[in-house]
Amino acid sequence: MALVKSPRPGRHCRVPEGHTIHRAARRQAELLVGRALTASSPQGRFAEGAAALDGRVLERVDAHGKHLLYRFRDAPVLHVHLGLFGRFRVHDGEVPEPRPTTRLRLAPVAAGDRAVDLIGPTACELIEPPAERRLLARLGPDPLARDADPAPFLARLGRSRAPVGTLLMDQSVLAGVGNVFRAEALHLCGVHPLREGRDLSEAERACLWETVGRMLEEGVRRGRIVTVDPAEAGVSWSRIPRARRTYVYGRDECLRCGGPVERITLAGRTAYACPACQPR
DNA sequence: TATGTATGGTAAG
DNA sequence: TTACCCTACATAA
């Protein structure tokens, strides 16, 4: 039997949850919106779509949960989802040759000093309005949206018999939460992931919404996931060591009480919980 | 060089 | 539930 080594928090922090996507939307809008863009697919799998976008003016970039929608003048909407492996490489100042795995490169026609590369996405496609409506219709409220309404989220939790750990990862219940935020929000609210949604108190459900929202906002500001309270860690945000940026995610011992962290597979992914801080 | 792992999601059985 | 897709990087061999 192989020794199972636990992932060290911070060592694999490139895979995106909602905050990464909102941050990317903001940054790319700064660099690209209002300009005619060249679009190319060095890797080749999006050659046709890139050709349809080439030369068009980008008008806006919207983030919904973990999904990105690029709106061009006189062209279909570009839908991007990074999935587990996808990432952006943003170049501002010097633009290197694209890597062979670059699915899509967007760059202003006029300026040769900036470009956005998309690598390894789960989705990179042009969609028509009906498909866009279907996509948005299957997403729950996104706490990062300006007009976010918690009511549908609270109601779904309140009537579901599914484990709350499964519900938090379900993008139709709540958009933007991934495995780290799931683990950390449940821990901060003292809720065990295996409890049924409908068994949570109103205060616990409200705590989850509020906590997830705070963590996502902090993630957008910081550009990384830090969920521990700096006061508790005794240092400023930027000085929290990598190994202490989460309470239970990826850890063997709870950062708060030192007790063992249990691992449960929920919604196909490893959930982390401290049975002492999060009783069943 | 090969293997294992990852913060995601979909579609098929 | 399972298989599968997508990529980069660390570690083992």
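Computed from a prediction, not measured in an experiment: that's the story for all the values here. Hydrogens, waters and symmetry mates are skipped; everything else that's a heavy atom, side chains included, is used.
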Would you indicate which nucleotide in [options] comes nearest to any side-chain atom of [X]?
X	options	result
A:T122	B:dG8, C:dC9, B:dT10	B:dG8
A:T101	B:dT10, B:dG8, C:dT7	C:dT7
A:K66	B:dT10, C:dT7, B:dG9	B:dG9

Name the nucleic acid region contacted by [X], choosing base, sugar-phosphate or nothing; use a 4.0 angstrom heavy-atom cut-off, strictly under.
X	answer
A:R45	sugar-phosphate
A:L82	nothing
A:E184	nothing

**Report entry** Pairwise P distance for C:dA13 and B:dT5, with rounding to whole Å
**Finding:** 13 Å
*Considering only atom P, compute the distance from C:dC6 to B:dT1 and round it to an integer number of Å.*
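Going atom to atom, P in each nucleotide, I get 23 Å.
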Given atom [atom1] of [X] and atom [atom2] of [N], what is their separation to the nearest angstrom?
X	N	atom1	atom2	answer
A:H81	B:dG9	NE2	C1'	6 Å
A:L84	C:dC9	CG	P	14 Å
A:L139	B:dG8	CG	P	14 Å
A:R182	B:dG9	CZ	C1'	14 Å
A:L68	B:dG8	CG	C1'	14 Å
A:Y249	B:dT5	OH	P	13 Å
A:R87	B:dA6	CZ	C1'	13 Å
A:L104	C:dC6	CG	P	17 Å

Show, in sequence, the C-alpha distance, side-chain angles and deciding distance for A:C257 and A:C277, and conclude whether the disulfide bond (SG atoms under 2.5 Å apart) test is met.
CA-CA 8 Å; A:C257 77; A:C277 299; 3.9 Å; no
* Asked: Does the SG-to-SG distance between A:C274 and A:C254 fall under 2.5 Å?
  -> no
Geometric class of the A:H81/A:H67 ring pair [parallel <30°, tilted 30-60°, perpendicular >60°]: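 The arrangement is perpendicular - the two ring planes meet at more than 60°.
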(Q) Could you tell me if the side chain of A:Q278 sits less than 4.5 Å from the side chain of A:V248, heavy atoms only? (A)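 When only atoms from C-beta onward are counted, A:Q278 and A:V248 do touch, with a gap below 4.5 Å.
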- Message: Both A:H67 and A:F85 contact DNA chain B. Taking the nearest nucleotide for each, which residue is further toward the 5' end?
- Response: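 Closest to the 5' end, via its nearest nucleotide, is A:F85.
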>> If you apply the rule salt bridge (charged side-chain N to carboxylate O under 4.0 Å, His left out), what do you find for A:R71 with A:E59, and how did you get there?
In response: CA-CA 6 Å; A:R71 304 182 191 284; A:E59 296 191 314; over 6 Å; no
Tell me whether the OP1 or OP2 atom of B:dT10 has a side-chain N or O from A:R138 closer than 4.0 Å.
-> yes
*asked:* Under 4.0 Å from OP1 or OP2 of B:dG9: is there any side-chain N or O of A:Q171 that close?
replied: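 A:Q171 to B:dG9 OP1/OP2: side-chain N or O found under 4.0 Å.
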